Amino acid sequence: MNIVVCVKQVPDTNEVKIDPVKGTLIRDGVPSIINPDDKNAIEEALRLKDKHGANVTVITMGPPQAEVALKEAIAMGADDAILISDRAFAGSDTLATSRTLAGAITKLDFDIVMAGRQAIDGDTAQVGPGIAESLNLPQVTYVENVEFDGKNLKIRKALEDGYEVLEVQTPCLLTAIDSLNEPRYMQMKNIFTAYDKEVIMWNASDIDVNPEHLGLKGSPTKVKKTWTKETKGSGEIVELPAKEAAAVAISKLKEKHYI
Amino acid sequence: MFPIDQYKKMGEIGLLGLPFGTEYEGAGGDYLSYILAVEEISKVDASVGISYSVQTSLNMSAISTYGSEDQKKKYLPDLCTGRKIGSFGLTEPGAGTDAAGVRTVAVKDGDNYILNGQKCFITNSPIADTFVIFAMTDRSKGTKGLSAFIVEKAFPGISIGKIEDKMGIRSAQVGEIIMEDCVVPAENLMGKEGKGFGIAMKTLDGGRIGVAAQALGIAEGAMDHTIAYMKERKQFGRAIHKFQYLQFRMADMKAKIEQARYLVYKAAMDKNNGKPYAESAALAKMVASDCAMEVTTNCVQMHGGYGFIKDYPVERMMRDSKITQIYEGTNEVMRMVISGNMFR
Ligand SMILES: Cc1cc2nc3c(=O)[nH]c(=O)nc-3n(C[C@H](O)[C@H](O)[C@H](O)COP(=O)(O)OP(=O)(O)OC[C@H]3O[C@@H](n4cnc5c(N)ncnc54)[C@H](O)[C@@H]3O)c2cc1C
Ligand SMILES: Cc1cc2nc3c(=O)[nH]c(=O)nc-3n(C[C@H](O)[C@H](O)[C@H](O)COP(=O)(O)OP(=O)(O)OC[C@H]3O[C@@H](n4cnc5c(N)ncnc54)[C@H](O)[C@@H]3O)c2cc1C
C-alpha cells in the first residue's frame with residue numbers, strides 16, 4: 001500500500017499576527033512546526049504502515065525551509081519526502097495550492113492520500129477537499145477513526161453532534177482531525193538517519209499541472225482586506241452548579257436586554 | 001514521585017540509548033547529541049535529568065566501554081529502550097571522595113562471586129533492574145583490588161535499603177544497596193579482576209559531562225522562568241525588567257550560562273573526537289554547576305518573595321542546583337583533577 005500525506009509547515013501559534021499595512025501574515029520570529037492536524041494524518045499513515053505494511057510519502061508545497069518539516073516526518077517514520085517549491089507557486093490561493101499538490105501527487109503511486117483537516121494559519125480547510133476534487137477521488141473529511149481490513153476502509157467521520165461510519169474504496173483522500181490519534185514523537189535513531197536521507201525536490205516543471213493554474217495567476221480568490229479582530233472584554237467564568245450558573249447567565253442576558 | 005511512565009517513554013523513543021550503536025537498539029547518535037538531550041530535559045526536571053545521566057553515561061557507558069560483547073548484547077538493548085533501568089554503585093558510607101575505601105567484597109566461589117557490603121546514595125537504585133557494582137576482589141591491593149560487576153535485581157542477596165529524603169532533585173530515586181551473600185555469576189565480572197578503579201574513574205569522567213549538562217539545563221530553565229516573570233511583575237508602575245540594575249544582572253547571568261555552555265559542549269566534543277576529556281569534563285562540571293547555583297540563587301532574588309514560595313519553579317531549581325556541585329566528584333575534586341594535570 002502507498003500512502004501520501006500532505007504536510008504544511010505553519011507558524012507555531014494560533015494567534016498569527018497580521019501586518020496591518022501589507023495585510024499579510026507576520027512570520028518573523030515565530031518558529032515553524034508541522035501543522036497539528038497533519039501530524040495526526042502522518043500518525044495514521046504510520047499506524048497503517050505498522051499494521052499492514054505501507055510506503056509513506058510526505059509531500060509539502062512551500063519554501064525551501066519547509067524541508068525541516070519533512071525531515072521531522074521522516075524522523076517520525078515516513079519513508080520518502082517530496083518538497084515542491086518554485087517561485088511560480090507564489091501567491092497561490094487554496095485552489096492553486098490544491099491543484100499544485102494534486103499535480104504532484106498524480107505523479108506518485110497511491111492508495112490513500114491523507115491531509116490535515118485544517119491548517120492553523122490559513123484555516124480554510126479547503127486544500128484537502130480541493131486535492132480530492134482535482135484528482136477525482138472519493139473523500140472523507142473530519143476522520144476520527146480508520147479501520148482497514150486489507151481491502152476496504154471503514155472510516156468514522158466526526159459530525160457536529162455525532163458521527164458517521166462510512167466505507168470507502170481506495171484510492172481515496174482522508175482529512176484528519178486531532179481526535180484521530182496521538183501523534184508519536186520522533187525516534188532518536190530516525191532523527192540521525194533523517195539527516196542522511198535526501199528530500200526529493202520538485203519544481204513546477206516536475207509536476208503535472210497546467211501552468212495557468214499556478215500561483216497568483218491561478219488564484220481566483222482576491223484578498224480585499226485583512227484586519228485583526230478587535231478583542232472584546234474578557235469573558236467571565238461562573239463556577240457554580242449547573243442550575244445556579246444558568247440562573248446567573250439568564251440574569252446577565254436580561255440585564256443586557258438580550259432576552 | 002518519580003515519573004516512571006515518562007521515563008520509560010524516553011527509552012521507547014530512543015533517548016536513553018542515544019549515544020549507543022543501533023546493533024544494541026541504541027540510536028546511533030554521538031555524545032554531544034546525548035548531552036543536549038540531558039540539558040533539555042534538565043531545563044524542566046533535573047530529577048529526570050540525573051536519572052537519565054546516571055543510566056546512560058554511568059551504567060550503560062560502563063557496560064558499553066568495558067563489557068564483553070556477550071555482556072553488551074545481553075544488557076544494552078533492554079537499557080537502551082527503557083525496558084530496564086540502570087544504576088551505578090560506587091559510593092559507600094566510608095568511601096565517598098576516597099573511592100579506594102570501598103569495603104564491599106567479592107569472593108570467588110566456583111562459577112560465582114559472592115558479594116557482601118553496602119552502597120549508599122545510589123541514584124536509581126530503588127527503581128533499577130541492572131546495577132554496575134564495584135567491589136574488592138583483593139583488599140590487600142588497594143585500588144588495584146577493585147573490580148566491577150553487572151548485578152541484576154533478580155540475583156539472590158541484593159536488596160534496597162533506605163531511600164533518601166533530599167534537599168533537591170526530590171523525585172530522583174536515590175537509596176542504599178545492600179548485598180548479603182549476593183550471588184553473581186562469574187561471567188558478570190566486567191573487564192578483568194582489579195580493573196574496577198580505572199573503570200569507575202574513567203566512567204565518571206563521562207558522567208561528569210552529563211552532570212554538567214544537567215546543571216546547564218537547570219540554569220537555563222531558571223533563566224527562562226525569570227525572564228517571563230520579570231515581564232509580568234509590575235512595581236513602581238512598570239514591569240520589573242525595566243529596571244536597569246536587574247537587566248544588567250540578567251546580562252551577567254546570561255554570560256555565565258554561555259561560559260558554561262561552551263565548556264560543556266567542548267567536553268562532549270572531546271569525548272566524541274576520541275581526545276582525552278578528563279580535564280575538560282572536570283572544567284565543565286565545575287563551571288556549569290557553580291553557574292547553576294549562582295544563576296538559580298539570583299533567579300530566586302529576581303522573583304522577590306515569590307521566588308521563595310514553592311508555587312514558583314525557581315524555588316525548586318535553586319535546591320536542585322546544589323547537588324550538581326557534589327555528586328560524581330565534588331567541585332573540590334574537580335579542582336584536584338584540573339590542577340593535578342597542571343603540576344604533573
Ligand atoms: C487569495 C489568497 C492569496 C494567497 N497568497 C499567498 C501567498 O502569496 N503566499 C502564501 O504563502 N500564502 C498565500 N495564501 C495562503 C495559501 O493559499 C494557503 O495557506 C494554502 O492554500 C493552504 O490553505 P490553508 O492554510 O487554509 O490550509 P487548509 O486548507 O486549512 O489545509 C488543510 C490541509 O491541506 C494540506 N495542505 C495545505 N497546504 C499545504 C501545502 N502547502 N503543502 C502540503 N499540504 C498542504 C494540509 O494537509 C492541511 O492540513 C493565499 C491565500 C489566499 C486565499
Ligand atoms: C543525591 C545523590 C546521588 C548520588 N548518586 C550516586 C550514584 O549514583 N552512584 C554513586 O556511586 N555515588 C552517588 N552519590 C555519591 C556522591 O558521588 C558522593 O556523595 C560524593 O562523591 C562525595 O562523597 P561523600 O559524600 O562521601 O563526601 P566526602 O568525601 O566525605 O567529602 C566531604 C567534603 O570533603 C571534601 N574533600 C574530600 N576529600 C578531599 C580532599 N582530598 N581534598 C579536598 N577536599 C576533600 C569534599 O569535597 C567535600 O566537600 C550520590 C550522592 C548524592 C547526594
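In what follows, chains are A, B, ... by sequence order, proteins preceding strands, each numbered from 1. Because the structure is predicted, anything quoted here is derived from the model rather than measured.
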Within residues 186-203 of chain A, which positions have a heavy-atom distance to chain B below 4.5 Å?
A:Met186, A:Gln187, A:Met188, A:Lys189, A:Phe192
For B:Lys9, does the NZ atom sit with more than 12 other heavy atoms under 6.0 Å from it, leaving out its own atoms?
no
When you look at NZ of B:Lys256, are more than 12 heavy atoms from neighbouring residues, nucleotides or ligands closer to it than 6.0 Å?
no
Tabulate, in ascending numerical order, the residues of residues 48-65 of chain A having at least one heavy atom closer than 4.5 Å to a heavy atom of chain B, or enter 'none'.
none
Would you say A:Asp109 has more than 12 foreign heavy atoms packed within less than 6.0 Å of its CG?
no
Check the surroundings of atom NZ in B:Lys266: do more than 12 heavy atoms from other residues, nucleotides or ligands lie under 6.0 Å from it?
no
Near B:Phe243 CZ, under 6.0 Å, is it more than 12 heavy atoms from other residues, nucleotides or ligands?
yes
Above 12 or not: heavy atoms from other molecules or residues under 6.0 Å from CD of B:Glu69?
yes
